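FYI, the numbering just counts along the sequence from 1. None of the values given here were measured: they were computed from a predicted structure.
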Amino acid sequence: LRQAFFIGRPKLPISRVVEDMQANNLSIEEVAHEWALPVAAVEEAIDYYHRFGDMIEADAADELALSNELAQRRPPTS
């Protein structure tokens, strides 16, 4: 992925937290508590998400394409 991850949380992309916040109509404080992140980190993540939305969408499309490609390579189960 080309997008940013939270410092100290290398497997937690910013998009996951921001999209969770949007989908569940959470406040910044609620999402910070839910993900055990500082409020300031969530605020920075929201800013990043808005500034680099095109790159985040491209990452999601690439990940989906790779997933589909890998699914096609698997041998059929009987």
- [ ] Just jot down the salt bridge (Lys or Arg N to Asp or Glu O under 4.0 Å) partners of D20, sequence neighbours excluded, or say none.
- [x]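 Partners of D20 by the salt bridge (Lys or Arg N to Asp or Glu O under 4.0 Å) criterion come out as none, since no residue qualifies.
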TODO: Kindly compute the distance separating CD (E30) from CG (N25), expressed to the nearest 0.5 Å.
DONE: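 Atom-to-atom, E30:CD and N25:CG are 8.5 Å apart.
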TODO: Could you name each residue pair satisfying ring pair (Phe, Tyr, Trp, His ring centres under 6.0 Å) that touches residues 51-73, not counting sequence neighbours?
DONE: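 Qualifying pairs: Y48-F52.
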Open item on the list: Suppose the criterion is salt bridge (Lys or Arg N to Asp or Glu O under 4.0 Å): which pairs have a residue in residues 32-50, not counting sequence neighbours?
Closed with: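 Listed once each, the pairs are D47-R51.
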- [ ] Could you tell me which residues satisfy side chain to side chain contact (heavy atoms under 4.5 Å, CB included) with L12, sequence neighbours excluded, listed by chain and number?
- [x]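 For L12 the side chain to side chain contact (heavy atoms under 4.5 Å, CB included) partners, ignoring immediate neighbours, are F6, R9, R16, V17, W35, L37.
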TODO: Please name the pair of heavy atoms, one in I14 and one in A45, separated by the smallest distance, quoted to 0.1 Å.
DONE: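 Result for this residue pair: CG2-O, 3.5 Å.
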Task: All side-chain hydrogen bond (donor to acceptor under 3.5 Å, both in side chains) counterparts of E19, not counting sequence neighbours - done: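 With sequence neighbours excluded, E19 shows a side-chain hydrogen bond (donor to acceptor under 3.5 Å, both in side chains) to Y49, given in chain and number order.
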- [ ] Answer whether the closest heavy-atom distance between the side chains of I46 and M21 falls below 4.5 Å.
- [x]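 They are in contact (side-chain heavy atoms under 4.5 Å apart), so the answer is yes.
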